[in-house]
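To start, the structure itself, in structure tokens.
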Amino acid sequence: RKEVEQDPGPFNVPEGATVAFICTYSNSASQSFFWYRQDCRKEPKLLMSVYSSGNEDGRFTAQLNRASQYISLLIRDSKLSDSATYLCVANTGGFKTIFGAGTRLFVKA
Amino acid sequence: GAGVSQSPSNKVTEKGKDVELRCDPISGHTALYWYRQSLGQGLEFLIYFQGNSAPDKSGLPSDRFSAERTGGSVSTLTIQRTQQEDSAVYLCASSLSGDPSSGYTFGSGTRLTVV
């Protein structure tokens, strides 16, 4: 079983839709979590951190559920520019950071 | 520089040849990471450098892979006797410290194709 698992998608949604991604992690010792965004043939870029209390940044909301060992990313009012691959990231302390394989999102006009 | 710089951006090599990939991190960033991303896959951790400490090489897939970081700045990833399964995008990232909450800044990667 992979340490960090994501539904690869693709998710095809119309503009304005709300879409949610779930990412599960297997190591209960994981301490911090992040979402990265990766555009096609580009490098990943930090989208947001995921805090125990939840984290909201504009149209994006990230949440952590330690009991069930998953994190989520909610995107409201999807834009064409949101089309990308979203990588879930878990860190077990120190530098050991595990990236998921990513969930692909396509937002259509 | 303003960002993490990697070279070359693309490299095609024959099976069995050695290749060197270069990473120039953001000035002042003490932590440097190498990852590998195969098509449709997540990022696979290879090696981590933090300041002058001994690097963590636990992610290197075989003894054909090695990396060094000179003067706490530029890093070189060397792959000896390349194999077709080495074909991937090799990404370098740096961060201000080893704390991931400060975020990693990635370079644009080196796309390696072994033919």
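Proteins come first, then strands; the chains are lettered A, B, ... in the order of their sequence lines, and each starts at number 1.
Heavy atoms closer than 4.5 Å to chain A are found in the side chain of B/Ser58, but not in its backbone. With a 4.5 angstrom heavy-atom cutoff, A/Gln6 does not touch chain B via any of its atoms. With a 4.5 Å cut-off on non-hydrogen atoms, B/Gln37 touches chain A through its side chain but not through its backbone. With a 4.5 Å cut-off on non-hydrogen atoms, B/Leu43 touches chain A through its backbone and its side chain both.
Ring pair A/Phe11/A/Phe106: centre-to-centre distance not below 6.0 Å. Ring to ring, A/Tyr25 and A/Phe33 are close: their centroids are under 6.0 angstrom apart.
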Exercise. Would A/Tyr86 and A/Tyr36 count as a side-chain contact (heavy atoms from CB on, under 4.5 Å) if you check the C-alpha gap in whole Å, the side-chain angles of each, and the deciding distance to 0.1 Å?
Worked result: CA-CA 6 Å; A/Tyr86 291 84; A/Tyr36 275 70; over 6 Å; no
Problem set entry | B/Tyr90/B/Tyr35 under ring-ring contact (aromatic ring centres under 6.0 Å, His included): CA gap, chis, key distance, verdict | CA-CA 6 Å; B/Tyr90 289 81; B/Tyr35 284 87; over 10 Å; no
